[in-house]
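First the structure, in the form of structure tokens, and then the observations on it.
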Amino acid sequence: MLNLGILISGRGSNMESILKSIKAKKIPINPAVVISNNSNAKGLAIAKKLGVNVEVIESKNFKGNRTEYDEKIIEVLKKYGVTPKNGLVCLAGFMRIISPTLVKKYKNKIINIHPALLPAFPGLNSQKQALDYGTKFSGCTVHFVDAGMDTGPIIMQSVVEIKENDTEISLSKKILKEEHRIYPEAIELFARKKIKVSGRKAHIS
Ligand code: GRF
């Protein structure tokens, strides 16, 4: 069975929905480790409560560059069997740009959830970006991570309607509900080997 490593920085609600789906035996993958770059991340307590190993590699005051930090991540992933050959890495609210070293080593083995319909509104505050732009729909995207910012092959998307009275808070809430639904689904597709990547396209069988 594949080993899953989840990288978080904060609340950890996507992590929780993934771990709960695994526990409900919906996804054939071993939840090997949750890694946080922030020792205050709320998600750490949730992971522990669900019986999953947690590790913190504090990024604040880290003495070294991005590559050196990511080498620490790779070390911990390997310790738990999350290897490029036998693992999957999920970014779930991990608030760091990852280095080309990590991306290359885990090519098409790192996935991310983004709270907008990519390629629209990459980067931070995507819900606000969508509201400010005036789009009538937004949503979320699960995608492979490549060297760019939110640019990798798209695995799954879900659309939500933006209503006249939506605020950043209400829109974020609607989108998050969909994130919690599609992220576990995308991981299940990966675990069942139903995703093939060619060029920038992820084909689902
Ligand atoms: C989510 O909105 C996700 O799309 C974005 O960061 C947020 C993380 O929330 N990448 P949580 O930590 O999973 O609750």
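Reckoned from all heavy atoms, side chains included, excluding hydrogens, waters and symmetry mates. Just so you know, ligand 1 is whichever comes first in the structure, and atom 1 is the first atom listed for that ligand.
For Thr151, the side-chain contact (heavy atoms from CB on, under 4.5 Å) partners at least two apart in sequence or on another chain are Asp146. Ser9 is linked by a side-chain contact (heavy atoms from CB on, under 4.5 Å) to Asn37, Phe94, Met95, counting only residues two or more places apart in sequence or in another chain.
The list of side-chain hydrogen bond (donor to acceptor under 3.5 Å, both in side chains) pairs with a residue in residues 136-145, not counting sequence neighbours, reads Asn112-His143, Thr141-Gln157.
Using a 4.5 Å heavy-atom cutoff, the side chains of Tyr80 and Glu55 are in contact. Considering only heavy atoms from C-beta on, Phe62 comes within 4.5 Å of Lys72 through its side chain.
Just one residue in the list Asp70, Asn65, Thr67 forms a side chain to side chain donor-acceptor pair (under 3.5 Å) with Ser99, and that residue is Asp70.
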May I have a table of the N/O to N/O pairs between ligand 1 and the protein that fall below 3.5 Å, each row giving the two atom names and the distance to 0.1 Å?
unit_1   : atom_1 : unit_2 : atom_2 : d
ligand 1 : 2 (O)  : Glu179 : OE1    : 3.3
ligand 1 : 2 (O)  : Glu179 : OE2    : 3.1
ligand 1 : 4 (O)  : Glu179 : OE1    : 2.7
ligand 1 : 4 (O)  : Glu179 : OE2    : 3.3
ligand 1 : 9 (O)  : Arg11  : NH2    : 3.1
ligand 1 : 10 (N) : Ile113 : O      : 3.1
ligand 1 : 12 (O) : Gly12  : N      : 2.8
ligand 1 : 13 (O) : Ser13  : N      : 3.4
ligand 1 : 13 (O) : Asn14  : N      : 2.9
ligand 1 : 13 (O) : Asn14  : ND2    : 2.9
ligand 1 : 14 (O) : Arg11  : NE     : 2.5
ligand 1 : 14 (O) : Arg11  : NH2    : 3.2
ligand 1 : 14 (O) : Ser13  : N      : 2.8
ligand 1 : 14 (O) : Ser13  : OG     : 2.5

